[in-house]
2 protein chains.
Amino acid sequence: MAKSGTPSRVHEAGSPRSIETRRRLIDAAVATLQREGFARSSARVIAERAQMNQGLIFYHFGSVTNLLLAALDDVSAKRLERYGAMVDGVDTPDELVDAAAAIFDEDLDAGYVTVLVEMIGGASSTPGLGPAVAARIRPWISFTENSMRGVLGDSPLAGLIPASDLAYAVVALYIGLEMLSHLEGDRSGARRLAAHAKDLSRLASALIGPAAEAT
Amino acid sequence: MAKSGTPSRVHEAGSPRSIETRRRLIDAAVATLQREGFARSSARVIAERAQMNQGLIFYHFGSVTNLLLAALDDVSAKRLERYGAMVDGVDTPDELVDAAAAIFDEDLDAGYVTVLVEMIGGASSTPGLGPAVAARIRPWISFTENSMRGVLGDSPLAGLIPASDLAYAVVALYIGLEMLSHLEGDRSGARRLAAHAKDLSRLASALIGPAAEAT
DNA sequence: GTCTATACTTGGATAGAC
DNA sequence: GTCTATCCAAGTATAGAC
């Protein structure tokens with residue numbers, strides 16, 4: 001299980017061979033989480049998709065859980081980078097909400113958040129997984145916080161609630177929406193909400209008022 | 001729950017003996033979900049807590065999943081009743097938010113939502129569970145919608161976004177917050193948010209304006 | 001160092017006892 | 001009708017082969 005702390009017997013050697021194997025396993029893990037869900041993401045199933053022996057997962061990652069976390073890290077890094085680019089140069093709530101809606105849609109279509117949601121769900125189902133997943137969500141909260149801070153400035157709303165808490169709430173809402181969509185196997189609820197986002201951003205703009213142009 | 005459709009071999013006989021057995025199993029299932037999580041809520045573990053043979057779960061409920069759903073139904077019904085009482089007689093946003101905050105706290109302390117959150121998580125981990133859990137969340141959305149509708153009246157905010165969509169978002173936020181708290185094994189984030197709820201309700205009151213007194 | 005064949009554990013479900 | 005002893009599948013992990 002390579003529980004943090006244990007040096008464990010994971011072989012992270014950097015030989016080309018090893019890197020290639022790890023890559024294939026991570027890709028297969030991502031695909032399996034997206035298409036089959038956490039439930040079916042067993043060593044056997046993932047290995048079959050990668051066309052490799054399931055024992056390799058334990059050799060290279062120490063446990064299935066670790067492989068799944070590596071998979072989460074992989075998509076997480078890619079997404080965060082992409083989001084950074086999208087949010088860059090945004091400085092009004094209106095634009096930020098537009099960017100967020102675009103991100104939301106892209107995620108729904110591509111199934112990126114699916115990986116995160118499956119892992120959050122899986123945490124209910126795998127002893128030590130919770131904290132590890134929580135640690136991987138933290139960067140997202142920071143990212144959200146920074147994105148909003150620039151936009152909020154020192155508006156009245158900013159005085160009412162700290163940006164860090166607001167960011168926490170936004171991420172929670174995002175996760176909750178994805179979770180519900182996911183349960184229902186139908187994203188119409190979330191999409192309906194996204195459609196209202198624009199209306200709400202106008203509301204936010206009004207609340208923030210002059211600050212919007214100030215920054 | 002005998003999966004609607006399948007006549008199955010579940011014995012729902014109403015003999016006192018049978019009822020007693022079912023009760024004990026449901027109570028044990030609730031306790032296990034709360035204290036050990038979905039992961040450890042196997043037939044064997046639940047049965048041991050109930051001091052019964054694990055085979056009884058299959059005799060009375062057909063499957064572990066069905067027992068867990070019965071457990072969810074059990075707490076869900078109790079909570080919904082309690083919430084109804086709390087929200088009854090509320091007609092301003094301020095009062096509603098107060099009631100909601102009280103509910104939120106009570107839930108966090110007693111671990112009631114834990115059962116729901118564990119089941120939502122478990123859905124990632126058990127093939128057909130998703131839709132069944134989604135169906136059990138729907139009454140909560142309706143409840144929220146009704147609670148808010150009375151308060152919103154025909155205020156400007158009500159014109160901006162339908163009560164049904166707003167209710168969906170509120171429930172999603174609630175679930176998301178619980179989910180995050182749960183992952184971190186620490187509810188401080190959620191509590192910090194709850195502390196801001198009062199501030200935000202004042203904001204809402206201002207937006208709704210005269211309607212608050214009107215109803 | 002890399003990988004495969006094999007061992008062991010846990011859990012869901014049922015055939016049959018009371 | 002109610003319950004228990006038993007079976008079988010699936011999964012993780014490792015001992016040992018290459």
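Note on naming: letters A, B, ... go to the chains in the order of the sequence lines (proteins, then strands), and numbering restarts at 1 for each one. Owing to the predicted nature of the structure, the values given are computational and were not obtained by experimental measurement. Because only heavy atoms are used, hydrogens play no part in the values below, and waters and symmetry mates are left out as well, while side chains stay in.
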Checklist line | Any A:Arg17 side-chain nitrogen or oxygen under 4.0 Å from OP1 or OP2 of C:dC3 | finding: yes
Note to self: So, does A:His60 get its side chain near the phosphate of C:dC3, meaning an N or O under 4.0 Å from OP1 or OP2?
What the structure shows: yes
Margin query: Less than 4.0 angstrom between a side-chain N/O of A:Ser63 and OP1 or OP2 of D:dT12, yes or no?
Written below: no
Margin query: So if I apply the side chain to side chain contact (heavy atoms under 4.5 Å, CB included) rule between B:Val115 and each of B:Ile120, B:Leu33, B:Thr32, which one comes out positive?
Written below: B:Leu33
Notebook entry, point to check: Taking only side-chain nitrogens and oxygens of B:Thr21, does any of them come within less than 4.0 Å of OP1 or OP2 of D:dT2?
Noted result: no
Check: Taking atom C1' of D:dG11 as reference, at what distance in whole Å does atom CG of A:Asn53 sit?
Finding: 14 Å
Margin query: Is B:Ser42 close enough to C:dG11 that one of its side-chain N or O atoms is under 4.0 Å from OP1 or OP2 there?
Written below: yes
Notebook entry, point to check: When the distance from CZ of B:Phe58 to C1' of C:dT14 is rounded to whole Å, what number comes out?
Noted result: 10 Å
Check: If every non-hydrogen atom of A:Phe38 is compared with every non-hydrogen atom of B:Ser125, which pair is closest and at what distance?
Finding: CD2-OG, 3.9 Å
Next item on the list: Using atom CD of B:Gln51 as one end and atom P of D:dC3 as the other, report the distance to the nearest whole Å.
Entry: 15 Å
Note to self: Whether the side chain of B:Arg44 and the base of C:dT10 hold a donor-acceptor pair under 3.5 Å is what I'd like checked.
What the structure shows: no
Checklist line | Electrostatic pair B:Arg191:B:Asp109 at N-O distance under 4.0 angstrom | finding: yes
Next item on the list: Drop me the distance from A:Ile26's CD1 to A:Ile57's CD1, to the nearest 0.5 angstrom.
Entry: 11.0 Å
Notebook entry, point to check: For the pair made of CD in B:Glu48 and P in C:dG11, what is the distance, rounded to whole Å?
Noted result: 11 Å
Next item on the list: Could you say whether A:Leu56 or B:Gln54 is positioned toward the 5' end of DNA chain D, judged by the nucleotide with the nearest heavy atom to each?
Entry: B:Gln54
Notebook entry, point to check: A:His11 NE2 to D:dA13 P: how many Å, rounded?
Noted result: 16 Å
Check: In whole angstroms, how far is the C1' atom of C:dT2 from the CD1 atom of A:Ile19?
Finding: 14 Å
Item checked: Any B:Tyr59 side-chain nitrogen or oxygen under 4.0 Å from OP1 or OP2 of D:dC3 -> no
Next item on the list: Specify the separation, in whole Å, of atom CZ of B:Phe61 and atom P of D:dT2.
Entry: 13 Å
Next item on the list: Ignoring hydrogens and angles, state whether a donor on the side chain of B:Thr92 or B:Asp94 is under 3.5 Å from an acceptor on the partner side chain.
Entry: no
Check: What's the CD1-P distance between B:Ile46 and C:dG11, to the nearest Å?
Finding: 11 Å
